[in-house]
There are 2 protein chains.
Amino acid sequence: MDFKLPKTPAVFVKNKSFRLSEVDPDDTAPFEHHPDEREDVLPRLQALRQRLSELQELLYAEHSRSLLIVLQAMDTGGKDGAIENLLTGVNPAGVQVATFKAPTTEELKHDFLWRIHAQAPKKGHIGVFNRSHYEDVLITRVHGMIDEKTCQEHYEDINHFEQLLTRNGTVILKFFLHISKEEQAGRLQARLDDPAKNWKFDPNDLKERAYWDDYQQAYEDALRHCSSKEAPWFVIPANHKWARDLAMSEIVVAALEAMNPQPPKVDFDPKKMVVK
Amino acid sequence: MDFKLPKTPAVFVKNKSFRLSEVDPDDTAPFEHHPDEREDVLPRLQALRQRLSELQELLYAEHSRSLLIVLQAMDTGGKDGAIENLLTGVNPAGVQVATFKAPTTEELKHDFLWRIHAQAPKKGHIGVFNRSHYEDVLITRVHGMIDEKTCQEHYEDINHFEQLLTRNGTVILKFFLHISKEEQAGRLQARLDDPAKNWKFDPNDLKERAYWDDYQQAYEDALRHCSSKEAPWFVIPANHKWARDLAMSEIVVAALEAMNPQPPKVDFDPKKMVVK
């Protein structure tokens, strides 16, 4: 993390004593209090988006480094919305969004990072992982599909993998969108009540919801083991969507500003070129 | 092409008697005359972009069909700018832009459609090809890397491949951004004159420019052989960027409107679901 962390409700996971329960999903400080309406923060969000768009263009021109944004959350945590609000307005030609679902039969024939590595962002691009390799220390752990030893090995593999990417010029930012169990209930119910949202509801989400505490525990453990200055985890209080979006945008823009991408120098003399 | 073609300067390549020389790269009719300033058409462009964003969201929700936009042009023809102006504002999570450069050693070990097929848009997505499989009947032909028989076979392979995609629910729109040789000279010179644009200049473009007429011939032939109602080629007069962007946006939105994507029906009764 080669940048000064902007003031947001986000919490950087510094060390192994980190406790998820100490982060309030409702927190919006130090942002000024806003009613829960996007309109109030729109000017700042739009300014950040505009700057993000300019920085992405420079990153693309430079063509030597990349930015990887990893997003994890409980169901209804707001991953899709956060991606949309962060990146709509940026040239899609410079963005790669990879969504990871349950691995396919083919993917299961390989190590758990195989399908992830294939989606690493190209030089000049902003990559987004909607879910990620962290699912392999979350859902698999909660449901006892891996034992403790394997889980510890996975943490190590993940840290090594992320180190490989950062050594190759990829700046990594990881965001856990932190909502409360009550907030999830409200969001699930909204998907049931609004016919236009019915298609977003998955009955299986109710089953997973029963494992809420186990997931929180698995998240806390993963965040503790896999956060560093080089590949930081941020816990984003995410009950309030406007604060979530603003916090993420501030951090992403600050990281890109610090990267300070520059168009490449050319190896010819423009004055000597003649267009016939 | 299951949609009524909106009124734009674009020309649909209907049959084998098509002549590229009959399309004027400067044409802007039936658009009202504007000075060459984007500002005048911005309101319409923004309205189209807004609608495109809504339609993309529905396409994503539906998750059963996709849209593929193929872009070809001479160097400086405006492919990057056209993609940026068409799609910035659409959620990047629903867009996949694939840029095809000279094939790699690995790609050359396969048939020419192998690397293209791998980038076909997923269900629910808008895919964009920045250059495409058509390079294999353009640059290869101009430089005598394929003979006439192979070229004819390639046309056939391309038509079969595009048919495969359309049968699987992909709507294909192909755009040739048509600029004049004089316009290219101006744009190349601008890249030399403006230090901020130097990095976009490739000395090799000057060599390719010498083959201008051969390229025009190869384009005309490819367009004649590979355009149909199912996978149409449009020639977009592209000397005026505002007219180019407006024409493309109008056609893409019209195509998506005709697809009329709908959120999927759910197979559970929302009223019977209980969130505990």
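As a basis for the values below, the full set of heavy atoms in this structure was taken, side chains included, without hydrogen atoms, waters or symmetry mates. So you know, we letter chains A, B, ... as the sequences are listed, proteins then strands, and number each from 1.
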Review point. Pick from B:A93, B:P195, B:G94, B:A196: which one has the most heavy-atom pairs with chain A under 4.5 Å?
Key: B:A93

Revision key, fill the gap. In terms of heavy-atom contacts, A:L192 and B:P270 come closest through O-CB, 3.5 Å

Review point. Which atoms of A:K200 come close to chain B, meaning under 4.5 Å heavy atom to heavy atom: side chain ones, backbone ones, both, or neither?
Key: neither

Point to revise | Heavy-atom contact with chain A under 4.5 Å, split by part of B:V128 | key: neither

Exercise for review: Quick one: which of A:P203, A:P92, A:G186 has the most heavy-atom pairs under 4.5 Å with chain B, could you say?
Suggested key: A:P92

Exercise for review: Below 4.5 Å from any heavy atom of chain B, which atoms of A:F201 appear? Answer side chain, backbone, both or neither.
Suggested key: both

**Study point:** Toward chain A: residues of residues 205-216 of chain B with heavy atoms under 4.5 Å
**Key:** B:L206, B:R209

Exercise for review: Select one option (side chain, backbone, both, neither) describing which atoms of B:E57 are under 4.5 Å from chain A's heavy atoms.
Suggested key: side chain

Practice item. Measure A:E62 against the heavy atoms of chain B and call it side chain, backbone, both or neither at under 4.5 Å. Key: neither

Exercise for review: Name the member of B:D193, B:I83, B:V90, B:N130 that forms the most heavy-atom pairs with chain A at distances under 4.5 Å.
Suggested key: B:V90

Study note, to complete from the structure: Distance col, row A:K122:NZ vs B:T99:OG1, nearest 0.5 angstrom, shows 6.5 Å

Review point. Where do A:W199 and B:P263 come nearest, in terms of heavy atoms and distance?
Key: CD1-CB, 3.6 Å

Revision key, fill the gap. dist A:L188:CG -> B:K276:NZ (nearest 0.5 Å) comes out at 13.0 Å

Exercise for review: Select, from A:N198, A:D267, A:L87, the one with the greatest count of heavy-atom pairs under 4.5 Å involving chain B.
Suggested key: A:N198

